[in-house]
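What you are looking at is a predicted structure, and each value in this text was computed from that prediction instead of being measured.
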Amino acid sequence: GYTLESVKIYSIGLQSDNFVKALAKIYKLKCENRFSKKPVVASAFSLSTTHIDLTKSRVYFKSKLFLEENSEDSYCEIFFNINLDKGIIELPEKDLDYRENLIKVFTR
């Protein structure tokens with residue numbers, strides 16, 4: 001795979017707040033906080049064996065994000081897949097043990 005410098009996830013307001021609340025509900029965690037006003041920055045590692053050009057349509061890009069790498073109390077990982085053909089982003093969970101920390105990172 002290829003290592004990317006970083007991925008930045010920005011809040012777009014109410015939709016982002018609702019996203020993190022829905023995620024917490026799915027994870028069965030309590031969360032009253034809003035999505036972080038600061039960008040959530042993660043290191044990314046491509047799971048593809050070849051270089052992928054994200055400017056082209058019909059691309060399905062799979063990667064893994066590493067969040068809060070310098071903090072043991074909120075370190076987590078999540079998969080981050082981009083399906084340009086369908087216009088969607090998928091966030092499949094990497095490990096059940098990262099659920100609480102993922103909510104922490106998204107709401108710090």
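With hydrogens and angles disregarded, a donor-acceptor distance shorter than 3.5 Å links the side chain of N101 to the backbone of Y75. Checking side-chain atoms of S74 against main-chain N and O of V105 turns up no donor-acceptor pair under 3.5 Å.
The minimum heavy-atom distance linking S46 with S63 is given by the pair CA-CB, 4.0 Å. Summarising the geometry of A44 relative to L65, their closest heavy-atom pair is CB-CD2, 3.6 Å, with the distance given to 0.1 Å. The shortest heavy-atom contact between S36 and S11 is O-CB, 3.5 Å. Between R108 and V41, the shortest heavy-atom distance links the atoms NH2-N, 4.0 Å. Closest non-hydrogen pair, D85 versus R58, comes out as OD1-NH1, 3.2 Å.
Side-chain contact check for F45 versus E77: every heavy-atom pair is 4.5 Å or farther apart.
If you chain together hydrophobic residues whose side chains sit under 4.5 Å apart, I82 and V59 fall into the same group. Connection of F80 to I26 is established within a shared hydrophobic cluster, with ILVMFWY side chains joined at heavy-atom distances below 4.5 Å, either directly or through further cluster members.
Rounding to the nearest 0.5 angstrom, the gap separating the CD atom in E100 from the SG atom in C76 is 11.0 Å. Expressed to the nearest 0.5 Å, how far CD of E90 lies from CD1 of I78 amounts to 11.5 Å. In this structure, N18 CG and I12 CD1 are separated by 10.0 Å, a value rounded to the nearest 0.5 Å. If you take NZ on K21 and OG1 on T107, they are separated by 11.0 Å, rounding to the nearest 0.5 Å. How far OH of Y98 is from CZ of F66: 8.5 Å, rounded to the nearest 0.5 Å. With rounding to the nearest 0.5 angstrom, the CZ atom of F61 is 9.0 Å from the CG atom of N81.
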Q) Are I103 and L23 close enough, and set up right, to give a side-chain contact (heavy atoms from CB on, under 4.5 Å), and what steps lead you there? A) CA-CA 8 Å; I103 297 298; L23 191 60; 4.0 Å; yes
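Relative ring orientation between F35 and F19 is described as tilted, the plane-to-plane angle lying within the 30° to 60° band.
Within 6.0 Å of the CD atom in E93, the count of heavy atoms belonging to other residues, nucleotides or ligands exceeds 12. Heavy-atom neighbours of R99 CZ from other residues, nucleotides or ligands within 6.0 Å: above the threshold of 12. In the displayed structure, K64 atom NZ is contacted under 6.0 Å by more than 12 heavy atoms of other residues, nucleotides or ligands.
A salt bridge does not link E68 to K104: none of the charged side-chain nitrogens sits closer than 4.0 Å to a carboxylate oxygen.
The only member of L91, V40, I89 that meets side chain to side chain contact (heavy atoms under 4.5 Å, CB included) when paired with I9 is V40.
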